[in-house]
Amino acid sequence: MSNIIPTRYEPKEIEERIYAEWEEKKLFRADESSQKSAYSIVIPPPNVTGVLHMGHALNNTIQDILVRWKRMQGYDTLWLPGTDHAGIATQNVVERALAKEKRTRADMGRDKFLERVWQWKEEYGGTIIHQLKRLGCSCDWTRTRFTMDKGLSEAVMEVFKRLFEDRLLYKGDYIINWCPRCGTALSDEEAEHRDLSGKLYYIKYQVEGALKLEIENKDYIVVATTRPETLLGDVAVAVNPDDERYSWLEGKKVILPILKRRLDVIFDKEVDPSFGTGALKVTPAHDPVDFALAVKHDLKPINAMNNDGTINENGGEYQGLDRFEAREAIVEELKQRHQFVKMEDHDHSVGHCYRCHTVVEPRLSKQWFVRMKPLAVEGIQVVNEGKIRFHPERWTKVYLNWMENIRDWCVSRQIWWGHRIPVWYCVDCLGGKSPRDVEVDGPGVTGVFLVTGEEKTTKCPFCGGGNTAQDPDVLDTWFSSWLWPFSTMGWPRETAELTKFYPTDALVTAQEIIFFWVARMIMAGLKFREDIPFRDVYIHGTVRDSTGTKMSKSLGNVIDPLEVIQEVGADALRYSIISITSQGQDVFLSKDKFEFGRNFANKLWNASRYVMMNMEDHVPGKASAGNDLAGKWIMSAYNQAVDDVQKSLVAFRFNDAASALYEFVWHKYCDWYLELSKLSEDKVVTREILITVLDGILRLMHPFMPFITEEIWQKLPSKNGEFLMTSGWPVFDETSVDLVATNSMEALIAMITAVRNIRSFWNIEPKVSVDVVFKVENKRDAALISENSVYVEKLGRCSIKEISEKAARPGKSVSSLVNRIKVFVLLGDAIDLEKEGKRISDRIEELQNYLITLEKKLDNKDFVSRAPAEIVEKEKSKKEKFTREVRTLKENLEAIK
RNA sequence: GGGCGCGUAACUCAGCGGUAUAGAGUGCUACCCUUACAAGGUAGAGGUCAUAGGUUCAAAUCCUAUCGCGCCCACCA
């Protein structure tokens with residue numbers, strides 16, 4: 001008993017209902033104890049504060065396609081979902097909420113504040129999960145993870161401990177990127193460099209004791225800087241030793257303007273004589289190059305800034321001013337002192353906080369770092385050996401380049417929301433030194449110890465005292481994300497999940513995240529689990545708006561996927577976005593693009609409706625086309641589609657798979673087979689084929705459009721409570737590929753098209769039937785036409801008057817050549833001889849021009865001897881074909897004269 | 001300063017392991033509410049594949065250069 005499919009396709013109702021059914025039947029659940037082969041993917045955990053944007057929609061559609069495809073193939077699939085705690089972003093969100101209540105985290109205290117963040121997480125942190133469900137994602141929600149979960153936190157602690165013990169983790173003074181607004185250090189990756197048009201300021205520094213006449217009548221040196229306010233932290237002036245302009249400064253001191261500090265002049269090859277004046281002010285606490293110089297020349301850095309970007313006590317009267325206000329004020333004072341030379345336009349790239357977009361300040365600070373070079377070695381190796389593959393391949397180079405030049409990773413953050421660094425300090429052992437200032441490199445530093453895992457004692461292991469305090473900082477969010485592929489499966493315990501599902505199979509992500517996440521996961525997997533975390537990395541493009549700008553909420557150019565789903569359905573959204581995304585190319589989106597998927601879903605819906613209407617009380621059996629030409633043809637084409645889709649998916653060519661399906665379903669199955677089926681005489685065979693192919697189409701399309709296919713499939717005859725989602729994936733059946741049937745059917749289609757074409761050209765009204773005559777060259781062609789005359793007559797709206805090898809051209813007719821078959825269409829008085837003459841001569845000219853190039857090609861000895869035989873054959877048969885057509889056209893031209 | 005990607009029909013894009021008179025969707029034109037579908041059907045118009053060289057029997061496809069556009073990385077103060 002088949003169910004009736006409603007006339008109208010209502011995606012919203014269907015999608016919500018179907019998803020609930022899947023959930024209820026627990027179809028997403030992966031079974032770690034089953035014997036089936038595993039296929040697993042971990043979700044790139046979205047930020048808990050996030051809402052679903054188009055980038056997520058694309059990313060998760062791709063993953064869902066992979067997972068559904070593999071699940072249908074019989075794999076035990078695990079798609080593990082979750083979110084990350086997004087330390088800075090989440091803290092910012094909650095702080096903003098507090099600000100509305102006129103409160104700050106400082107006056108709440110750490111514990112209360114964290115309580116509040118957890119509260120926020122419970123309330124709003126699930127948004128994106130719900131949205132992913134609405135998209136149709138078949139994740140195993142019972143395994144949803146969060147980077148601050150107990151299990152994952154234990155993994156973080158374990159990793160911290162191992163790195164610490166292996167001396168891959170240290171605390172030291174280095175220049176880091178500091179966000180004055182968030183009040184924390186950032187990693188290099190978290191500082192987004194943007195080109196700004198800034199200024200280059202030229203400033204005079206007096207040379208101590210220099211006589212004016214010494215050289216060029218000068219007693220000063222001019223330095224150039226983009227950040228004049230940093231002069232408050234200057235400790236030297238550096239010039240290149242080979243720069244003769246400055247050799248007179250040997251042994252001299254210069255006087256820092258405003259503060260009047262005495263500065264050394266140092267000579268170092270690092271200084272580029274061609275930049276600015278060739279003299280560099282050295283500010284080790286605020287610039288990485290200067291810091292390196294200071295280390296080399298044994299200079300003590302002077303920090304001139306507070307955490308919030310204001311000038312500190314080292315800045316004299318500028319103390320308390322914001323860095324940019326200080327810049328203005330200092331320039332003003334320099335002008336008054338006649339120490340300001342000039343200001344030039346200067347474009348340079350400036351780091352911005354990736355969370356709040358404030359200009360970051362390079363700043364000397366004591367932070368925790370991970371030594372990356374030792375970890376990168378193996379990460380490079382596995383990619384070079386092809387154990388991990390990037391798709392498209394070009395990203396391999398990007399990855400390797402970053403890995404080969406990797407720098408230490410600053411992992412401490414001066415915020416509260418995150419995994420607190422499990423390092424404790426014994427105030428007594430440190431003898432009054434502030435824990436903040438302690439340098440640590442591995443175990444053994446008196447007064448510094450780790451508290452991880454179960455042991456809860458915070459007594460100092462060195463002196464046994466209890467006057468201890470924990471490091472106030474938390475770890476970078478990525479310090480938990482980089483463990484995601486195994487921490488989510490229970491590591492460090494050897495769980496059944498890990499055994500079965502690790503390494504995972506594919507990682508699907510965006511290019512922006514290669515350094516942040518992909519590379520680090522590879523290193524973490526190899527270091528802690530001693531195995532790669534995944535085998536294939538598929539990098540998809542960035543979703544941009546129609547002007548090519550990256551979609552972002554602050555720009556207001558977002559297309560909200562939920563809105564699109566509301567309007568056209570998740571299936572349509574999925575199909576559209578997959579179709580327009582080719583192999584990692586950026587996607588330029590506009591709303592009208594989604595009509596594509598919507599129309600296709602609608603087409604599928606209606607085609608299915610037609611098929612079901614014809615099933616009546618049909619009991620499905622085994623489809624066999626027997627001698628039915630159309631049946632053999634569509635079965636052959638269907639199997640071709642199975643093959644195409646499979647091959648495309650294997651190659652991560654999702655858009656190719658989508659367009660192969662589109663072409664087959666719409667232009668073969670719907671446009672032709674359904675029309676042919678209406679005329680079929682053997683209803684039993686036809687029904688069988690209709691339903692069999694529809695069943696296959698639904699299976700092939702399920703990963704792309706899960707909802708509509710599931711809905712229709714369940715209404716197919718004999719699907720008693722089964723789910724398409726967990727049924728089988730079509731297998732390419734080579735024996736169904738029938739070239740003879742394909743050629744014959746294509747010839748018939750061409751004949752019908754030819755008749756339609758002529759009708760249209762001569763403005764024959766659709767209602768009027770025309771008479772046609774076929775002149776064939778052999779009995780097989782004659783049989784093909786006569787056996788399928790219904791198709792030709794009905795679809796071409798014509799009546800066949802004659803099929804013969806000797807048919808003569810009827811009077812007042814026009815003709816067309818299809819393969820070797822000549823089709824005459826009798827037009828009677830509709831024909832305009834002059835118009836027809838012109839039509840024919842135009843065509844003759846066109847063909848003759850082409851024939852000339854063809855002949856040239858075939859006359860070319862090199863071509864004939866060097867090109868593959870089949871190509872030459874192809875060209876020859878083309879020549880024959882067109883020569884024949886020209887001959888026919890010429891006869892026609894004669895005939896109408 | 002390096003690295004990468006893109007310039008194909010009016011628009012948005014496929015095609016780029018060399019061998020179609022270069023494809024799709026949208027838009028456009030004409031006709032059609034033909035009992036699955038007007039979110040549709042039939043037929044059609046529309047392209048010197050950015051430019052210039054080169055390799056080849058053969059180039060949108062490979063190489064080189066140029067011009068546009070976009071992205072990523074980098075300590076030019």
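Hydrogens, waters and symmetry mates are skipped; everything else that's a heavy atom, side chains included, is used. Chain letters run A, B, ... following the sequence lines, proteins first and then strands; every chain starts at 1.
Listed nucleotides B:C72, B:G25, B:A77 differ in distance to A:Phe515; the shortest reach to its side chain belongs to B:C72. The side chain of A:Asn606 approaches B:A36 more closely than any other nucleotide in the set B:A77, B:A36, B:U56. Nearest to the side chain of A:Phe275, among B:C4, B:C76, B:A36, sits B:C76. Comparing B:A36, B:U21, B:C57 by their nearest atom to the side chain of A:Ala607 picks out B:A36. The side chain of A:Ser760 approaches B:A43 more closely than any other nucleotide in the set B:U21, B:U19, B:A43. Nearest to the side chain of A:Phe596, among B:U21, B:A77, B:G25, sits B:G25. Here the nucleotide nearest the side chain of A:Pro766, chosen from B:A77, B:C31, B:A39, is B:C31. Listed nucleotides: B:A36, B:A20, B:C76. Nearest to the side chain of A:Lys874: B:A20. You'll find that the side chain of A:Lys593 is closest to B:U12, out of B:C57, B:U12, B:A39. Listed nucleotides B:A20, B:G25, B:A36 differ in distance to A:Tyr850; the shortest reach to its side chain belongs to B:A20.
In this structure, A:His667 reaches the B:G25 phosphate: one of its side-chain N or O atoms is under 4.0 Å from OP1 or OP2. For the pair A:Arg653 and B:G15, the criterion of a side-chain N or O lying under 4.0 Å from OP1 or OP2 is met. OP1 or OP2 of B:G44 sits under 4.0 Å from a side-chain N or O of A:Asn757. For A:Lys878 and B:U21, the shortest distance from a side-chain N or O to OP1 or OP2 is below 4.0 Å. The side chain of A:His348 places no N or O atom within less than 4.0 Å of a non-bridging phosphate oxygen (OP1 or OP2) of B:A74. The side chain of A:Lys603 contributes an N or O atom lying less than 4.0 Å from OP1 or OP2 of B:G41. Within the structure, a side-chain polar atom (N or O) of A:Trp666 is placed less than 4.0 Å from OP1 or OP2 of B:G41. Within the 4.0 Å cut-off from OP1 or OP2 of B:G40, not a single side-chain nitrogen or oxygen of A:Asn602 is found.
Pairing partner, B:C71: B:G3, with both Watson-Crick or wobble hydrogen-bond distances short of 3.5 Å. Here B:A50 sits opposite B:U66 as a Watson-Crick or G-U wobble pair (both hydrogen-bonding atom distances under 3.5 Å). Under the Watson-Crick or G-U wobble criterion, with both distances below 3.5 Å, B:A22 is left unpaired in every strand shown. Nucleotide B:C28 forms a pair with B:G44, judged by Watson-Crick or G-U wobble geometry with both contacts under 3.5 Å.
Defined by atom type and a distance below 3.5 Å, a donor-acceptor pair is missing between the side-chain atoms of A:Lys881 and A:Thr883. When only modelled atom types and interatomic distance are considered, A:Tyr205 and A:Asp234 share a side-chain donor-acceptor pair under 3.5 Å.
Considering all non-hydrogen atoms of both residues, A:Leu299 and A:Ala236 come closest at CD1-CB, 3.8 Å.
Rounded to the nearest Å, the gap between the C1' atom of B:U42 and that of B:U34 is 11 Å. Going from the P atom of B:C69 to that of B:C63 covers 23 Å, rounded to whole Å.
In A:Lys591, the NZ atom is crowded: over 12 heavy atoms of neighbouring residues, nucleotides or ligands sit closer than 6.0 Å.
At a cut-off of 3.5 angstrom, the base of B:A20 holds no donor-acceptor pair with the side chain of A:Glu875.
At the heavy-atom level, A:Gln511 lies under 4.0 Å from the strands shown only through sugar-phosphate atoms. Within the nucleic acid shown, A:Leu674 comes within 4.0 Å of at least one base atom, counting heavy atoms only.
Between A:Tyr850 and A:Phe882, the ring-plane angle classifies as perpendicular under the 30° and 60° cut-offs.
Protein atom CZ of A:Arg839 is 15 Å distant from nucleotide atom P of B:A43, rounded to whole Å.
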